[in-house]
Protein chains: 2
Amino acid sequence: MSNSTPATIEDVARIANVSIATVSRAIHMPEKVANSTRLKVNQAIAVTGYTTNAMARSLRLGRSNMILVVAPDIGDPNFSNILIGLENEARSHGYGILIGHTQNDAQRGLEYLKFLNSNQAAGLILFTGILPFGHQTMTARLPPSVGVFEPVFNGGIPYVGVDDVAGARKAVDLLIAEGHRKIAFIGDSRTRLAYSRRRMGYEAGMDAAEIGADLRIVFEGDGTVESGRLAVEQLFMRDTLPTAFMCVNDQTAIGVMIGLKTRGYDIPRDFSVTGFDDVPQAVFMTPSLTTIRQPRTAIGKHAMALLLELLSNGQPTETEILLLPDLVVRNSVSAPSRVRR
Amino acid sequence: MSNSTPATIEDVARIANVSIATVSRAIHMPEKVANSTRLKVNQAIAVTGYTTNAMARSLRLGRSNMILVVAPDIGDPNFSNILIGLENEARSHGYGILIGHTQNDAQRGLEYLKFLNSNQAAGLILFTGILPFGHQTMTARLPPSVGVFEPVFNGGIPYVGVDDVAGARKAVDLLIAEGHRKIAFIGDSRTRLAYSRRRMGYEAGMDAAEIGADLRIVFEGDGTVESGRLAVEQLFMRDTLPTAFMCVNDQTAIGVMIGLKTRGYDIPRDFSVTGFDDVPQAVFMTPSLTTIRQPRTAIGKHAMALLLELLSNGQPTETEILLLPDLVVRNSVSAPSRVRR
DNA sequence: CCATGGTGTGTAAACCTTTACATATAACGT
DNA sequence: ACGTTATATGTAAAGGTTTACACACCATGG
């Protein structure tokens, strides 16, 4: 029972008085063994406390039951919730999850490539738009892979993300519904494709409301808190000001709010602000931030489901799954005040 | 080269014209093989792109090179940074990290126990004070293990944490140095041992300043935002109020600040507030929160180093490592105002 | 009664390493 | 020259599992 070495399939076979092949079958193809035998085997398993040695199994099968998740930054607030979705889905199908984070370092990426090459992972989930494997990327033999959030640069890898255009549209539509016309978009078209798409949502919303280019203000930031603050500074130097700031993400929105508060303005009385992502601190801001919530757990779940399908079928059913994010209304948006500047 | 199946040690042996044993030795005990041979082998490895099959290796060696990290909540802001420390240290010693989160569910815990029993992990890092393996805990055969943050209930498992007493002492000393005498401690003696220790730091600081029991106020909360808010409500109903709130963690401090702001008070002019942990949103509060920062990455690094030592030595050098946390001074503390209430 | 087929089980090979042991060669001291 | 020792390499077993193949048995249909 509490022996020093774990029980093997052979121990079970001896006790159940069958061959090891039968034990293996009783476990993995129960319908192939007689009821009476299956019973004996199960009892023997209970007695010995046997659990199958995953290493031996993986070796024999030529594939592991582990899936590698590679992310540039584990600390990213998006990450942990997506991970929950990934993990739940994986576990319910007998897979485990292995996490690697590259910190955008090609050297570290290579280690994961080696890891993959040594067959230690059956599949790969990528949290970055570019393969983190340095210059060997092109020749790399990858296991079935799925991208999260962004299409992976090297074609042929399906991905699961969020419909950024539709999400951004929800934000701009809210502002317009509240009566705003002159709405600034504080964006970032360089770092992430998702950010460009959010801009598209903004433009589409403005188009739909037939708000002309003269009332549109687009500030190119870089998605950081500081860039939001900077945007406010810059816009204040110009002549015309918006009544609302639609920000490409929550970080930027936080920066905008800091900038506005520093200048003594009240949000949302003087200016409305929206974000995107719903990071954890969004709810703790004063005022709490109206934003677009990433369906993080769902993204994880879908990504893993897609990967598992890939692992069994070999062919992806879909090459792109976009989930619809929700608008979270909090206190940073109101109707524009009549008396303004 | 880009074959369908990965190269094995046999391929390398054939090309280098040596036996597989020599290849294995050239890799793992280079000093045991002649220079010329080593060269041939290395070339052959380069040609074939060989990487050793981790599963076969683990099977033969009877242990894996993976370490399981079990945490109740991956989303915990403390988690990701500790993970970075764990991961860096592990990787530099040839180990990989596997993450499991139990969501405090015994069923899930059992799955990890099975996982451990099947030898898939060489060691275990526990992020919880209790073994998450349900009632089987007592009989469980565990691999070398290290706790993080808290001593693990089942004795004999060394742990790495933070010196909560000293950390709390820093907070109370700051308040006293600013001139506060009547300092309330909003605590939680039930859920985590760490929280009791912080209380001890508070008492020690008050003792050292010779502040009597009549000026000490202790409110028992439960470490949540809501309990902080509640504490304010309750204390306002009593006669005497403190000039400063020392909170057992940042969540509680956030609640206290919300409570005070709701009543129209200004922080830190009317009341000073301190937290503990330095969660990410602490810096985004208005005012930003003065708190005690957990040395998260260092905790991870030390925990893993201790585990690796256990894995090689078998015996822990130390049974408890306490790291000293830093005081982070922000804007939620000032001298008590003369005119009050 | 025999041919056929289905069902349940066993035998043994294969997956890829590592390493104890054996062996071959070289170096050295006498 | 020969025994002794050190050095370098090879042979083969072992680790725990899965599964193709073979086999035994029984039922069915003619």
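The sequence lines fix the lettering, A, B, ..., with proteins before strands; numbering per chain opens at 1. Note that the structure is a prediction, hence the values are computed from the model and not measured.
- Rounding to the nearest 0.5 angstrom, the gap separating the CG atom in N81(B) from the CG atom in L86(B) is 11.0 Å.
- Between chain B and DNA chain D, the heavy-atom contact criterion of under 4.0 Å yields a 5' to 3' nucleotide range of dA8(D) to dG16(D).
- Residues R57(B) and H28(B) meet the side-chain proximity criterion, which asks for heavy atoms closer than 4.5 Å.
- In this structure, L61(A) atom CG and dA14(C) atom C1' are separated by 12 Å, rounded to whole Å.
- Distance N53(A) CG to dC15(C) C1': 13 Å, rounded to the nearest Å.
- In this structure, P144(A) and L311(A) approach most closely via the heavy-atom pair CG-CD2, 3.6 Å.
- S145(A) OG to L126(A) CG: the interatomic distance, rounded to the nearest 0.5 Å, is 6.0 Å.
- Between L59(B) atom CG and dT18(C) atom C1' the separation is 10 Å, expressed in whole Å.
- Considering only heavy atoms from C-beta on, R192(A) comes within 4.5 Å of F149(A) through its side chain.
- Within the 4.0 angstrom heavy-atom criterion, only backbone atoms of the sugar-phosphate kind lie near T8(B); the bases stay farther away.
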All N/O pairs under 3.5 Å across the protein-nucleotides 5-10 of chain C interface:
from    : atom 1 : to     : atom 2 : distance (Å)
dT9(C)  : OP1    : T37(A) : OG1    : 2.2
dT9(C)  : OP2    : A34(A) : N      : 2.9
dT9(C)  : OP2    : T37(A) : OG1    : 3.3
dG10(C) : OP2    : S19(A) : N      : 2.7
dG10(C) : OP2    : S19(A) : OG     : 3.0
dG10(C) : OP2    : T22(A) : OG1    : 2.6
dG10(C) : N7     : R25(A) : NH2    : 2.7
dG10(C) : O6     : R25(A) : NH1    : 3.2

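- If you check every strand for non-hydrogen atoms under 4.0 Å, S58(A) touches nothing.
- In this structure, L116(B) and P143(B) approach most closely via the heavy-atom pair CD2-CG, 3.8 Å.
- Between the P atom of dT17(C) and the CZ atom of R57(B) lies a distance of 10 Å, rounded to the nearest Å.
- For the pair V12(A) and I20(A), the minimum side-chain heavy-atom distance is 4.5 Å or more.
- Residues F127(A) and I82(A) have side chains in contact (heavy-atom distance under 4.5 Å, counting atoms from C-beta outward).
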